[in-house]
Asks: 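First, the structure itself, so that you have it in front of you.
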Amino acid sequence: MATKKKTAQQDDASQDAAATGEQTPRFVEDIADKDDDFARWYQDVVYKAEMADESPVRGCMIIKPYGYALWEAIQRGMDDRIKATGHENLYFPLFIPMSFLQKEAEHVEGFAPELAVVTIGGGEELTEALAVRPTSETIIGHTYAKWVQSYRDLPLLYNQWANVVRWEKRTRPFLRTSEFLWQEGHTVHRTEAEAETETRMILSDVYTDFVEKELAIPVIQGRKSPTEKFAGALRSYSMEAMMGDGKALQAGTSHNLGQNFARAFDIQFLDADGTRKLAWTTSWGTSTRLIGAAIMVHGDASGLRMPPRVAPTQVIIVPIWRKEEERALVADAVAAVERDLRAAGLRVKSDWRDQTPGFKFNDWELRGVPLRLEIGPKDVSKDQAVLVRRDNRTKEFVPRADLAARAQTLLAEIQQGMYDAALAFRKARTYTAATFDELAARMADRP
RNA sequence: CGGGGUGUAGCGCAGCCUGGUAGCGCACCAGUAUGGGGUACUGGUGGUCGGAGGUUCAAAUCCUCUCACCCCGACCA
């Protein structure tokens, strides 16, 4: 039945191709139509490209190697910027005493409904229940109170990479899961102005800079409305990006917590003028949701499209051969090319699976690898390779000696092209972007 | 929490109305030919039909209970 359907579709596609003079038809029946059912398209792509797998625990997900490799690239890019702006990494425990969460009224009200709570340890009822952290302001506030004594101790500029748990009612892989990975920065400052500067600096110099340059996602920075702000914050800022379905997604938040948590946890310091003062704190976070954002912004009918700068694999080499002698010949050429590209700093892989080339082409397009190199007997004899772009399928024959340089040029072009396309898409959709206009208006008070 | 729906092989499904001991596609394994855009043919592996109880000579199928998941709504990051 499915075979019939496949054949029928292929025939249709062939006719279309013949009629319009386009290139080869594609098989996309296993991915839902992006324009018709975006939510299903998203799920299909996530699972078929092996970014993630379903979890036996409701609302959670298993991040597969390909998805995790992207997360590692995000971590690297984000971590570099966090450190470049003067922060250090540390780590706080997963468990938080329930009483901590109750110390900040607005905070507990906001997070209580979605807490996972541990009441038994080692077979015995605990004297105090422990919350699995939904976010770490409270346990960190408690600790910072001990670390801060003098104005000379300030500022504290720390960040942690961790997992958090929020018992969400409706979940979607990467976008909203009961457990997710993130970084959360927590800083303490001497003055309100300094805390505000930090809050906004993180949003622009760390978050926006990374997401726009590395993930090729244009964002709009703005301030969250009072109802949308972080539970317990004075002011919350966020960067919002437009997804492929025309909807906005919060891609990162930065909160000026004012003195709310300092008050709740007694973070005080003796200032230069000899008086005790409450400190000013901030917190900010980005999560594995960024993976979902990248998928939704850049993906197309064929599947994922990885921004070259973070792509786990930037160039995939598909060897082509018929007979064993050819295979050996091609293998040598592939190994040599792989060496060249690696030496040039490119992330490259070759695919020697026993599948037809066509199968591999589609498979790697589904996974979104930006560049493909085809190397067959004909290429070996001419000391060249066929270089193909994932985005527009442009093919070119490139002499072996020029491959690395040409690939680098194309990757840069593709990266820029992805950003430009996403920006153009957003601008063309202003009619659905009331939220963006609102955000843009709020941007007036940006530094 | 209210309304609707679905549980049969790793995935997607048929079979149920009208009981007779489980089937199709994909995937997987083997072989042959193939290989520059999802390759074809042949053979094969794999399921106590969500769970419990009942009716019956006989239950995936009928009855009762139960569990889980999905969609819509409500609630909420």
Side-chain angles (χ1 to χ4, degrees), chain A residues 1-11 13-14 17 22-32 37 39-40 43-44 47-48 50 53-59 106-107 109-115 134-135 164-172 175-180 182 224-225 227-233 236 238 240 248-253 255 285 287 289 302-303 316-324 326-327 330 351-367 372-382 384-388 390 393 395 397:
Chain A
M1 197 174 98
T3 309
K4 242 190 210 162
K5 194 170 145 199
K6 200 175 191 176
T7 310
Q9 190 168 339
Q10 184 180 27
D11 290 342
S14 300
E22 280 175 12
Q23 18 172 303
T24 331
R26 282 176 292 114
F27 288 74
V28 289
E29 67 167 38
D30 39 20
I31 305 177
D37 189 347
R40 247 195 67 205
Q43 298 237 11
D44 286 349
Y47 294 130
K48 297 220 158 95
E50 297 191 272
D53 201 353
E54 287 166 327
S55 148
V57 179
R58 195 191 146 279
E106 219 178 278
H107 190 68
E109 193 189 328
F111 283 101
E114 50 187 53
L115 282 183
T135 178
V164 288
V165 170
R166 298 178 185 179
W167 219 258
E168 302 288 355
K169 291 209 164 40
R170 293 181 77 164
T171 59
R172 292 176 73 194
L175 298 173
R176 176 178 285 123
T177 46
S178 297
E179 179 194 10
F180 56 92
W182 77 344
K224 304 292 279 187
S225 66
T227 53
E228 282 184 314
K229 78 176 172 63
F230 178 75
S236 286
S238 79
E240 309 270 339
L249 180 79
Q250 178 180 299
T253 49
H255 316 290
S287 70
R289 175 181 277 186
S302 301
I316 183 69
I317 303 178
V318 177
I320 290 154
W321 78 92
R322 292 167 191 249
K323 296 164 187 165
E324 275 310 308
E326 286 177 344
R327 185 191 158 114
V330 169
D351 183 355
W352 286 97
R353 285 178 298 174
D354 188 19
Q355 298 280 3
T356 59
F359 176 91
K360 294 177 187 176
F361 296 166
N362 285 285
D363 195 43
W364 291 107
E365 279 173 13
L366 169 65
R367 289 175 159 74
R372 176 176 80 239
L373 268 178
E374 302 170 22
I375 302 180
K378 294 177 210 163
D379 306 303
V380 175
S381 64
K382 292 184 200 162
Q384 63 172 26
V386 182
L387 188 56
V388 187
R390 158 70 173 81
R393 295 196 177 180
K395 280 186 189 187
F397 297 91

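From a predicted model like this one, the values you see are computed outputs, not experimental measurements. Quick note: numbers below take in every heavy atom, side chains included, and nothing from hydrogens, waters or symmetry partners. Order of the sequence lines fixes the chain letters, A, B, ..., with proteins taken first and strands second; residue numbering starts at 1 for each chain.
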Asks: Using the C1' atom in both, what is the distance from B:rG35 to B:rG12, to the nearest Å?
Replies: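 Going atom to atom, C1' in each nucleotide, I get 29 Å.
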Asks: May I ask which nucleotide in the shown strands pairs with B:rU42, Watson-Crick or G-U wobble, both distances under 3.5 Å?
Replies: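 Across all strands, the one nucleotide that pairs with B:rU42 is B:rA30.
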Asks: Give one of base, sugar-phosphate or nothing for A:V318, where a contact means two heavy atoms less than 4.0 Å apart.
Replies: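 The answer is nothing, as A:V318 stays clear of every strand by at least 4.0 Å.
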Asks: With a 4.0 Å cut-off on heavy atoms, is A:E114 in touch with a base, just the backbone sugar-phosphate, or nothing at all?
Replies: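 A:E114: backbone/sugar contact only, no base atoms under 4.0 Å.
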Asks: Backbone N or O of A:V388 within a donor-acceptor pair of the A:R372 side chain at under 3.5 Å?
Replies: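 The answer is no, because no donor-acceptor pair under 3.5 Å joins these two groups.
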Asks: Measure the distance from NZ on A:K382 to C1' on B:rG36 and round it to the nearest whole Å.
Replies: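 Nearest whole value for this atom pair: 12 Å.
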Asks: For B:rC69, which nucleotide in any strand shown is its Watson-Crick or wobble partner with both distances under 3.5 Å?
Replies: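 Its partner is B:rG5.
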Asks: Just the rounded figure in Å: distance from C1' of B:rA77 to CD of A:E106.
Replies: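 The answer, rounded to whole Å, is 14 Å.
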Asks: Looking across every strand, which nucleic acid part, if any, lies under 4.0 Å from A:F230 by heavy atom: base, sugar-phosphate, or nothing?
Replies: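 Nothing, no heavy atom under 4.0 Å.
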Asks: Kindly indicate whether the side chain of A:L115, heavy atoms from C-beta on, has any atom under 4.5 Å from the side chain of A:P134.
Replies: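 Yes. Closest side-chain heavy atoms under 4.5 Å.
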Asks: Using the six-membered ring of A:F180, assess whether NZ or CZ of A:R289 lies under 6.0 Å from its centre and within 45 degrees of the ring axis.
Replies: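 Judged by the rule, A:R289 and A:F180 form no cation-pi pair.
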Asks: Give me the ring orientation class for A:H107 and A:F230: parallel if the planes are under 30° apart, tilted from 30 to 60°, perpendicular past 60°.
Replies: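 The arrangement is tilted - the two ring planes meet at 30° to 60°.
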Asks: Grab the CZ-P distance between A:R353 and B:rU39 for me, whole Å please.
Replies: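 Distance, rounded to whole Å: 12 Å.
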Asks: Let's test this: given Watson-Crick or G-U wobble pairing with both distances under 3.5 Å, identify the partner of B:rA58.
Replies: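 For B:rA58, the partner nucleotide comes out as none, under the 3.5 Å rule.
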Asks: Of the candidate nucleotides B:rU39, B:rA77, B:rG37, which contains the atom at the shortest distance from the side chain of A:V388?
Replies: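 Within the option list, the nearest is B:rG37.
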Asks: When only distance counts, do a donor and an acceptor, one from the side chain of A:R372 and one from the base of B:rG37, lie under 3.5 Å apart?
Replies: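 For A:R372, whose side chain was compared with the base of B:rG37, there is a donor-acceptor pair (under 3.5 Å).
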Asks: From C-beta outward on A:W321, which listed nucleotide comes closest to its side chain: B:rG37, B:rG36, B:rG35?
Replies: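 Ranking B:rG37, B:rG36, B:rG35 by closest atom to the A:W321 side chain puts B:rG35 first.
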Asks: Please find the pair of heavy atoms, one from A:T171 and one from A:G59, that lie closest to each other, and give the distance.
Replies: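 Taking every non-hydrogen atom into account, OG1-CA, 3.4 Å.
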Asks: Take atom CD of A:E374 and atom C1' of B:rG35, then tell me their distance rounded to the nearest Å.
Replies: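 A:E374 atom CD is separated from B:rG35 atom C1' by 13 Å.
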Asks: When you get a sec, tell me which of B:rA77, B:rG37, B:rU39 is the closest nucleotide to the side chain of A:T356?
Replies: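 My answer, after comparing the listed nucleotides, is B:rU39.
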Asks: Round to a whole Å and report the spacing from CD of A:E240 to C1' of B:rA77.
Replies: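 Those two atoms, CD and C1', are 12 Å apart.
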Asks: Which base, if any, makes a Watson-Crick or G-U wobble pair with B:rG19, both distances under 3.5 Å?
Replies: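 When the pairing criteria are applied, nothing turns out to pair with B:rG19, so the answer is none.
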Asks: Can you work out whether A:P113 or A:K323 has the more 5'-proximal nearest nucleotide on RNA chain B?
Replies: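 The answer here is A:K323.
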Asks: Taking only residues two or more places apart in sequence, or in another chain, which ones meet A:Q250 in a side-chain hydrogen bond (donor to acceptor under 3.5 Å, both in side chains)?
Replies: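 By the side-chain hydrogen bond (donor to acceptor under 3.5 Å, both in side chains) rule, A:Q250 matches A:K224.
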Asks: Is there a donor on the side chain of A:Q355 or the base of B:rG35 sitting less than 3.5 Å from an acceptor on the other?
Replies: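 Donor-acceptor pair under 3.5 Å: no.
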Asks: For nucleotides B:rU34 and B:rU39, find the distance between their P atoms and express it as a whole number of Å.
Replies: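 So the two P atoms sit 16 Å from each other.
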Asks: Strictly by Watson-Crick or wobble contacts shorter than 3.5 Å, is anything paired with B:rA74, and which nucleotide is it?
Replies: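 The base-pairing partner of B:rA74, which may sit in any strand shown, does not exist here.
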Asks: Determine the contact category for A:K360: base if any of its heavy atoms lies under 4.0 Å from a base atom, sugar-phosphate if only primed atoms, P, OP1 or OP2 are that close, otherwise nothing.
Replies: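 Since no nucleic acid heavy atom lies under 4.0 Å of A:K360, the category is nothing.
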Asks: I'd like the C1' distance from B:rC63 over to B:rA40, given in whole Å.
Replies: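 Their C1' atoms lie roughly 50 Å apart.
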Asks: Using the P atom as the point on both nucleotides, what is the distance between B:rA58 and B:rG53, in whole Å?
Replies: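 These two P atoms come out 15 Å apart once rounded.
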Asks: With P as the reference atom in both, quote the distance from B:rC11 to B:rU48 in angstrom, rounded to an integer.
Replies: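 14 Å, rounded to whole Å.
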Asks: Is there, by distance only and without an angle test, a donor paired with an acceptor across the side chain of A:D354 and the base of B:rG35 below 3.5 Å?
Replies: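 Such a pair is found, so the answer is yes.
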Asks: Looking only at atom P, what distance separates B:rC16 and B:rC76, rounded to whole Å?
Replies: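 Per the computed distance, 46 Å lies between those P atoms.
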Asks: I need the NZ-C1' distance between A:K229 and B:rA77, as an integer number of Å.
Replies: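 Atom NZ in A:K229 sits about 14 Å away from atom C1' in B:rA77.
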Asks: Counting only side-chain nitrogens and oxygens, does A:R166 get under 4.0 Å of the OP1 or OP2 atom of B:rA77?
Replies: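 It does not, given that no N or O in the side chain of A:R166 lies less than 4.0 Å from OP1 or OP2 of B:rA77.
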Asks: Give the rounded distance in Å between these two atoms: CG of A:D363 and P of B:rA27.
Replies: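 Spelled out: CG on A:D363 to P on B:rA27 is 12 Å.
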Asks: Quantified in whole Å, what is the C1' atom distance between nucleotide B:rU64 and nucleotide B:rC26?
Replies: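 Here B:rU64 and B:rC26 have their C1' atoms 37 Å from each other.
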Asks: Pairing check on B:rC24: which nucleotide meets the Watson-Crick or G-U wobble criteria with it, both distances under 3.5 Å?
Replies: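 Its partner is B:rG12 (Watson-Crick or G-U wobble, both distances under 3.5 Å).
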Asks: How close or far is atom C1' of B:rC70 from atom CZ of A:R40, stated in whole angstroms?
Replies: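 So the two atoms are 13 Å apart, to the nearest Å.
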Asks: With distance as the sole test, does A:R390 use its side chain to make a donor-acceptor pair with the main-chain N or O of A:E365 at under 3.5 Å?
Replies: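 Such a contact is found between A:R390 side chain and A:E365 backbone.
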Asks: How far, in whole Å, is B:rA59 from B:rG15 if one measures between their C1' atoms?
Replies: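 The answer is 14 Å between these two C1' atoms.
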Asks: Counting heavy atoms from C-beta on, name the nucleotide in B:rA77, B:rG36, B:rG37 closest to the side chain of A:D379.
Replies: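 Nearest to the side chain of A:D379 among the choices is B:rG36.
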Asks: Among A:K360, A:Q355, A:R353, exactly one meets side-chain contact (heavy atoms from CB on, under 4.5 Å) together with A:V318. Which residue is that?
Replies: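 Single pass found, and it is A:K360.
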Asks: Check every atom of B:rU39, B:rG36, B:rA77 against the side chain of A:Q250 and return the nucleotide holding the closest atom.
Replies: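 The answer is B:rA77, which lies nearest to the side chain.
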